[in-house]
Amino acid sequence: MHFSPDTSPLLQGLNNEQAAAVTLPQAHALILAGAGSGKTRVLTTRIAWLMQTGQVSPGGILAVTFTNKAAKEMLTRLSAMLPVSVRGMWVGTFHGLCNRFLRAHWKLANLPQSFQILDTQDQLSAIKRLSKQFNVDDERFPPKETMRFIAGCKEDGLRPKDVVARDPDDRKRVELYELYEAQCQREGVVDFGELMLRSYELLRDNDPLREHYRRRFQHILVDEFQDTNKLQYAWLKQLAGPVDQGGGAILAVGDDDQSIYAFRGARVGNMADFVREYNVMHQIKLEQNYRSFSNILDSANHLISHNKGRLGKNLHTTQGAGEPVRVYESPTDFAEAQWMVEEMKQLLRDGQNGDGTNGVQHRSEIAVLYRSNAQSRVIETALFNAAMPYRVYGGLRFFERAEIKHALAYLRLLENPRDDTSFMRVVNFPPRGIGARSIEQLQDASRAMGCAMSDAVTAVAGKAGANLSAFVAKIDVLREQTQGQNLRQIIELLLDHSGLITHYQAEREGQDRIENLQELVNAAESFVTQEGFGRDAVALPIDEHGQPLATDATAMPSEGELTRQAAPQTMINADTGETLSPLAAFLTHAALESGDNQAQAGQDAIQLMTVHASKGLEFDCVFITGMEEGLFPHENSMNDFDGLEEERRLMYVAITRARKRLYLSHSQTRMLHGQTRYNLKSRFFEELPEHTMKWITPARSAFADAMPSRRDAWQNNNGWQNNAWGGGAATAVAPKPVPQRAAPVTSGPNAWVRSGVQVFHTKFGEGAVISIEGVGDDARAQVNFPRHGTKWLALSVAKLTQV
DNA sequence: GGGTCGAGGCTTTTT
DNA sequence: GCCTCGACCC
C-alpha cells in the first residue's frame with residue numbers, strides 16, 4: 001500500500017493544527033502544545049507519518065523525553081500505529097539515550113565497559129565519603145549542598161576548570177568537585193549529570209563521531225522542551241548541527257506555561273533561544289483542548305494571563321461551560337480534609353446512581369493536589385478514618401528501598417570490585433564485625449596504596465583485617481560461582497549467601513523487606529524477558545513506504561513483541577554489536593528506572609499527589625487544597641518575580657488537570673512544622689475570573705457531628721471570630737457564645753489580636769500588642785517588637801500570627 | 001556493634 | 001509534628 005503524504009489514514013481525526021504539525025517538512029520547528037491539546041498524539045503520529053511516507057527509516061529517528069513513562073507511552077502508541085520494529089529506534093529519556101551512547105562508545109568516552117550509574121543516594125554517600133577522607137568541615141560544606149553544586153555545574157555543562165570561583169568557599173567547592181570527579185573515574189561510576197555531560201563532550205570533541213550521528217538522525221523530536229536544561233539543549237545542538245549545514249531537524253514540543261522545573265535547572269528560555277538560534281520558521285500552536293469544560297479552561301487562561309513574557313497561548317474547547325469552579329473556605333486544615341471526604345462521598349454516590357454529570361464513577365477519577373508533601377498527612381488521616389481507599393504518589397521507589405539498594409550493592413561489587421560506594425554500603429551489612437575504626441583504617445590504606453578498598457584489605461591488621469579479608473573473599477567466591485549463571489540464579493545465590501534474607505528474618509519488621517527482595521528476583525526475571533536478551537537486536541528493514549521487508553512470518557514480530565522490544569536499553573548494542581552482561585544491564589536498568597513507588601496500585605483509590613507529580617495526568621474531578629499565601633504560592637518562592645511566575649504556572653498545571661469538576665480550598669489555620677499557622681487565602685483567587693467561580697458556604701450539618709469540639713466555629717460565617725479552638729487543642733470544648741466586642745475587635749483573620757497578646761510578624765519577629773484602634777479593614781494594631789521598636793500595623797495587610 | 005536519644009530540618013523531582 | 005542522622009552509651 002502506498003500513502004501519499006496528506007491522505008494517510010494516520011491523519012484522520014486530527015484538527016488542522018495537529019495535522020499541520022504532523023506533516024511539517026524536514027525543518028526546525030516549535031510546537032506550542034497547550035495542556036490537553038493532544039501533544040503526545042502529535043509527536044507519535046509525526047514519527048509514524050515520517051516512516052509510513054518513507055521519509056525516514058526507524059534508525060533515522062531520535063525522540064527524547066524526560067521520563068521513562070513518557071518514552072514507554074510513545075513507543076507503545078507507535079507500535080500500535082505501525083507494524084514496524086521500534087528496536088533500532090532511539091526513543092528514550094535524555095539519560096537513557098546518553099547511557100546507550102556511552103555504552104556504544106565507552107572507550108572513546110574513557111569509561112570502563114560496564115560502568116555503573118550512581119543515583120542521587122549513591123552520589124550523596126560518595127560525596128560524604130570524600131568529605132570525610134579530606135577532612136572537610138561538613139558544617140561549612142554540607143554534603144547535600146556540595147552535591148547540588150556539582151549537579152548544578154554539570155547541568156550548565158561546566159567542568160571544575162570552567163567554574164569561576166568568586167570566594168574561598170566557592171574555590172573549596174570547586175576543589176571538592178574535582179576530587180569527586182577523580183573518585184568517580186577511579187571507581188568506574190558516573191552520576192546522572194555525568195551521563196549527559198560526557199555524552200555532550202564526546203560529541204563536541206570527536207568530529208567523525210558527531211558527523212556520523214548528525215547524518216544518521218534526520219529527525220530529532222523533543223518532548224517537554226520547556227523542561228530542558230542548558231546542557232540538554234547543548235547536547236541537542238550537537239546532534240542537530242549548525243543552522244545552515246543540513247543535518248537533522250529538531251521538532252521541539254513544549255508549553256512555556258507548564259514550565260515548573262526551574263529549580264532543577266530547566267530553562268524556559270531555551271524555547272526562545274531555539275527559535276532565534278535556528279531561525280525557526282515553523283511554529284504551530286495547539287490550543288484546542290480536548291480535556292476540560294470551559295469554566296475550567298477560562299479559569300486557567302485568566303490566571304496564567306497574569307504572567308509576563310509568555311509566548312502567548314489561549315486554550316479553548318468546544319465543550320460547554322460545565323460546572324462552576326467551587327471554592328471552599330475552611331477554619332482548619334482538619335475541617336478542610338473532612339469537607340473534602342464528604343464531597344467525595346457525595347460525588348461517588350451520584351456516580352453510582354449513574355449520574356455522569358454530577359457524579360464520579362471511580363475513586364481513581366478523583367485527585368487531591370497539594371503544593372507540598374507535608375500537606376498530605378491530614379488528608380490521609382481523614383480518608384483513612386472514612387475508610388476511603390487512597391493512594392499517595394511519591395515517596396520511595398522500588399529500586400530506592402534500603403534492602404534493594406543493599407542487594408544491588410552486592411551485585412555491583414560482583415560486576416566491579418572498584419565500586420567503593422557499594423563496598424561501603426555492604427561491607428558490614430549484615431553486620432560481620434567490621435566497625436567504623438577498621439573501615440577508617442581501610443580507607444587510609446586504600447588512599448595510600450592508590451587502589452580500591454577491596455584491594456587494600458590485607459593492609460589492615462588484626463581481627464578487623466581478617467574480617468575484611470573474609471568479606472572480600474566471600475565476594476570473590478560469589479563472583480566465581482555466578483559465572484555462567486543467569487540473572488535469576490545470580491540474584492538468588494546472592495540473597496542466600498550475602499546473609500541479607502537471614503538478617504531480615506531476624507528483624508521484627510523484616511517481612512516486608514524480604515518480600516521486596518523476592519520481588520527483586522521477579523523484577524530481574526521480567527527485565528530479561530522484556531529486554532529480549534539474546535535476541536537479534538537489529539531493526540527490521542522496511543521498504544520506502546515504511547512497510548517491513550520481511551516475508552518470513554517468524555521475522556515479523558507480533559504486536560506484543562513489538563511492545564516488549566520497545567524497552568529503551570539494549571544489551572546487545574545494535575550499533576556496535578558489543579554485549580553487556582545481563583547483570584550489568586540489569587544494574588543500569590535499576591539506576592535509570594527507579595521503578596514504581598507504590599505497590600497497592602490495584603485497588604480503585606483516591607489519588608493524592610503534589611501538583612508537580614500531577615503534570616501530564618488528568619482526572620474527572622480535582623481538588624486543589626491549601627490555597628493559601630505561603631503555601632501556594634509557597635513562601636520560598638513568592639518574594640521574587642521568577643519564583644512567583646513559576647508558582648502561577650504550577651497553579652495553571654493544577655487547574656488544567658481537571659476534566660469536569662474543580663474544587664479549590666483554603667484553610668484559615670493550618671498545622672505546619674508543629675505550629676498552627678494563620679494563613680491568608682492565596683492571591684491566586686484574585687487572579688481567577690469571577691464568572692467561573694462559586695464560593696461555597698460551609699454546610700453546618702456534616703461537621704457538627706464529626707467535630708463536636710469545634711462546633712462553635714460553625715455558628716455563623718464569622719464563626720472564625722470565636723477563638724475557642726484557636727489554640728488548636730484537640731480536647732472537647734463546650735460551645736461558648738461568640739464574644740461580642742470584648743475588645744476593639746476586627747473582623748477577618750486577625751480577630752484574635754488584642755492588647756497584651758504576643759504576635760509574630762514575618763519581618764519583625766515576635767512582639768507584644770500594645771493597643772488596637774479602628775474596626776474592620778481600618779483596624780490597626782500598635783505592636784512592640786524587641787528588635788524593631790514599636791510599629792503601627794494595618795491588620796488587613798500585615799500578616800500577624802498568634803504566638 | 002547496636003540501640004537509644006536528641007537536635008535540626010522542613011518546597012517542588014526525574015534521571 | 002515527624003523524620004533522619006549522628007553522637008553517645010552500654
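Throughout, protein chains are lettered first and strands after them, A, B, ... in sequence-line order, and every chain is numbered starting at 1. Atom set for the values below is all heavy atoms of this structure, side chains included, hydrogens, waters and symmetry mates excluded. What you are looking at is a predicted structure, and each value in this text was computed from that prediction instead of being measured.
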Rounded to the nearest angstrom, tell me the gap between atom CG in Leu608(A) and atom C1' in dT12(B).
16 Å
Reckon Asn373(A) has a side-chain N or O less than 4.0 Å from the OP1 or OP2 of dT12(B)?
yes
Rounded interatomic separation in angstrom, taking CE from Met651(A) and P from dT11(B)
21 Å
How close do Ser614(A) and Arg657(A) get, counting heavy atoms only, and between which atoms?
O-CD, 3.2 Å
OP1, OP2 of dT14(B) versus side-chain N and O of Arg397(A): anything below 4.0 Å?
yes
Rounded to whole Å, how long is the line connecting atom NE2 of His634(A) with atom C1' of dT11(B)?
4 Å
Remember a base hit wins even if backbone is also touched, and classify Met671(A) as base, sugar-phosphate or nothing at under 4.0 Å, heavy atoms.
sugar-phosphate
Using a cut-off of strictly less than 4.0 Å, decide whether Asn636(A) has a side-chain nitrogen or oxygen near OP1 or OP2 of dT12(B).
no
Check whether the side chain of Thr120(A) and the base of dT15(B) form a donor-acceptor pair under 3.5 Å.
yes
State the syn/anti category of dT12(B) according to its glycosidic angle, syn meaning within 90° of 0.
anti
With a 4.0 Å cut-off on N to O distance, would you call Arg677(A) and Glu628(A) a salt bridge?
no
Which whole-number value in Å describes the distance from Gln232(A) CD to dT14(B) C1'?
10 Å
For Glu400(A) and Asn428(A), find the nucleotide of DNA chain B closest to each by heavy atoms; which residue's nucleotide sits nearer the 5' end?
Asn428(A)
Look at the side chain of Phe192(A) and decide which nucleotide, out of dT15(B), dC10(B), dG1(B), has an atom nearest to it.
dT15(B)
Select from Ala374(A) and Gly435(A) the residue whose nearest nucleotide in DNA chain B is closer to the 5' end of that strand.
Gly435(A)
Ranking dC10(B), dT15(B), dT12(B) by distance to the side chain of Thr93(A), first place goes to dT15(B)
Rounding to an integer number of Å, can you tell me how far Arg148(A) CZ sits from dT13(B) C1'?
13 Å
Counting any heavy atom closer than 4.0 Å, what does Tyr261(A) reach on the DNA or RNA strands: base, sugar-phosphate only, or nothing?
sugar-phosphate
Heavy atoms from C-beta onward define the side chain here; which of dG1(B), dT15(B), dC10(B) lies closest to that of Pro431(A)?
dG1(B)
Under the ring-ring contact (aromatic ring centres under 6.0 Å, His included) test, which residues partner Phe619(A), sequence neighbours left out?
none
Of the listed nucleotides dT12(B), dT15(B), dT11(B), the one nearest the side chain of Asn68(A)
dT15(B)
Determine the contact category for Gly433(A): base if any of its heavy atoms lies under 4.0 Å from a base atom, sugar-phosphate if only primed atoms, P, OP1 or OP2 are that close, otherwise nothing.
sugar-phosphate
Less than 4.0 angstrom between a side-chain N/O of Thr610(A) and OP1 or OP2 of dT13(B), yes or no?
yes
With sugar-phosphate meaning primed atoms plus P, OP1 and OP2, does Leu195(A) contact a base, only sugar-phosphate, or nothing at under 4.0 Å between heavy atoms?
nothing
For dC3(C), take OP1 and OP2 only and decide whether either is under 4.0 Å from a side-chain N or O of Arg377(A).
yes
Face-to-face stacking of His612(A) with dT12(B), centres under 5.5 angstrom, angle under 30°:
no
In this structure, how many angstroms lie between the P atom of dT15(B) and the CZ atom of Phe263(A), rounded?
13 Å
Could you tell me whether Phe94(A) and Trp235(A) have their ring centroids closer than 6.0 angstrom?
yes
Without decimals, in angstroms, what is the distance between Glu145(A) CD and dG8(B) P?
18 Å
Between Phe632(A) and His666(A), is the ring centre distance below 6.0 Å?
no
Choosing from dT15(B), dC10(B), dG6(C), which nucleotide comes nearest the side chain of Lys128(A)?
dG6(C)
Under 3.5 Å, is there a donor on one side chain and an acceptor on the other for Gln226(A) and Glu224(A)?
yes
What do you reckon, are the aromatic ring centroids of His612(A) and Phe263(A) less than 6.0 Å apart?
yes
What is the separation between atom CD on Gln121(A) and atom C1' on dC5(C), rounded to the nearest whole Å?
14 Å
With sugar-phosphate meaning primed atoms plus P, OP1 and OP2, does Glu647(A) contact a base, only sugar-phosphate, or nothing at under 4.0 Å between heavy atoms?
base
So what does Phe66(A) hit on the nucleic acid, given a heavy-atom distance under 4.0 Å: a base, only sugar-phosphate, or nothing?
sugar-phosphate
